[in-house]
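Take a look at the structure below.
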Amino acid sequence: MVVWTDFERATIQDVFSKIDAQSVGQQALSRCLVVYPWTQRYFGKFGNLYNAAAIAGNQMVAAHGLTVVRGLEKAAKNMDNIKATFTDLSKLHSEKLHVDPDNFKLLADCITIVISASMGASFTAEVQAALQKFLSVVISALGMQYH
Ligand code: HEG
C-alpha cells in the first residue's frame with residue numbers, strides 16, 4: 001500500500017480543490033493530443049483533430065478532458081484505495097478501449113504541466129513531488145487490469 005505523508009495528502013486535496021477542472025482537463029488533453037499525436041487514434045469519434053487550433057476548439061476534447069479530471073478527483077478522495085477505485089476504469093481502458101498504458105504517463109505529464117502553469121509560484125518542487133507521486137499511483141492503478 002502507498003504511504004502518504006500529511007503534506008502529500010493535504011497538497012493533493014488543496015490542488016484539486018483549487019484548480020479549474022474544466023480548464024485543466026481541456027488544456028491537458030489538448031496538449032497530449034498535439035504533443036503526442038498518436039494518442040489521437042483512440043478518439044476517432046471526436047471529429048476534427050486536424051491541428052492544434054482544431055483540437056483546442058473541439059468540444060468533445062473539452063468534455064473528455066473534464067471527465068479525466070473528474071476521475072482524478074475521485075482518486076484524490078480515495079487516496080488509500082486508488083487501486084480498487086480504478087478497477088473498472090482500468091478494465092475499460094484495457095479490454096474495451098485498448099489504450100496503450102504508456103499513454104497514461106504522457107497524459108499525466110501534460111496534466112502536471114498545465115497544473116503547474118495554472119498554479120504559478122505556488123507550484124513548488126514539494127507540490128510537484130506530491131502531485132507526481134499521486135499521478136504515478138493513478139497510472140499504476142489504471143494499468144492493473146492489463147494482462
Ligand atoms: Mg481515459 C474514458 C479517465 C487516460 C482514452 N477515461 C475515460 C473515462 C474516464 C477516464 C473517467 C470515462 C469512463 C466511463 O465512461 O466509464 N483516462 C482517465 C484517466 C486517465 C486516462 C484518469 C489518466 C490520467 N484515457 C487516457 C489516455 C487515453 C484515454 C492516456 C488515450 C490516449 N479514455 C480514453 C477513451 C475513453 C476514455 C478513448 C472513452 C471516451 C468516450 O467514449 O467518450
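Counting convention: from 1, in listed order, for ligands and their atoms alike. All figures in this text were calculated on a predicted structure; none of them were measured in a lab.
Test Val99, Asn103, Asp100 against His93 for side-chain contact (heavy atoms from CB on, under 4.5 Å) and you get one pass: Val99.
Here Gln145 pairs with nothing under the side-chain hydrogen bond (donor to acceptor under 3.5 Å, both in side chains) rule; sequence neighbours left out. Applying the salt bridge (Lys or Arg N to Asp or Glu O under 4.0 Å) test to Lys91 and every residue at least two apart in sequence or in another chain returns nothing.
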Report task. List the steps, then state whether side chain to side chain contact (heavy atoms under 4.5 Å, CB included) holds for Leu92 with Asp88. Result -> CA-CA 6 Å; Leu92 179 80; Asp88 290 347; over 6 Å; no
Report task. Evaluate the criterion side chain to side chain contact (heavy atoms under 4.5 Å, CB included) for residue pair Leu131 and Ile115; output intermediate values, then yes/no. Result -> CA-CA 9 Å; Leu131 180 62; Ile115 290 180; 4.0 Å; yes
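Protein heavy atoms come within 4.0 Å of atom 6 (N) of ligand 1.
For atom 1 (Mg) of ligand 1, the set of protein N/O/S atoms nearer than 2.8 Å consists of His93 NE2, ordered by chain and number.
Atom numbering of ligand 1 starts at 1 in the shown order; those under 4.0 Å from a heavy atom of Asn103 are 30 (C), 32 (C). Residue Tyr42 has at least one heavy-atom neighbour below 4.0 Å for each of these atoms of ligand 1: 31 (C), 32 (C), 38 (C).
No more than 12 heavy atoms of other residues, nucleotides or ligands lie within 6.0 Å of CG in Asp6, so this atom counts as exposed by the packing criterion.
For atom 41 (C) of ligand 1, the nearest protein heavy atom (residue, atom name, distance) is Lys45 NZ, 3.5 Å.
When only modelled atom types and interatomic distance are considered, Ser23 and Gln27 share a side-chain donor-acceptor pair under 3.5 Å.
Applying the side chain to side chain donor-acceptor pair (under 3.5 Å) rule to pairs touching residues 74-83 yields Arg9-Asp80, sequence neighbours excluded.
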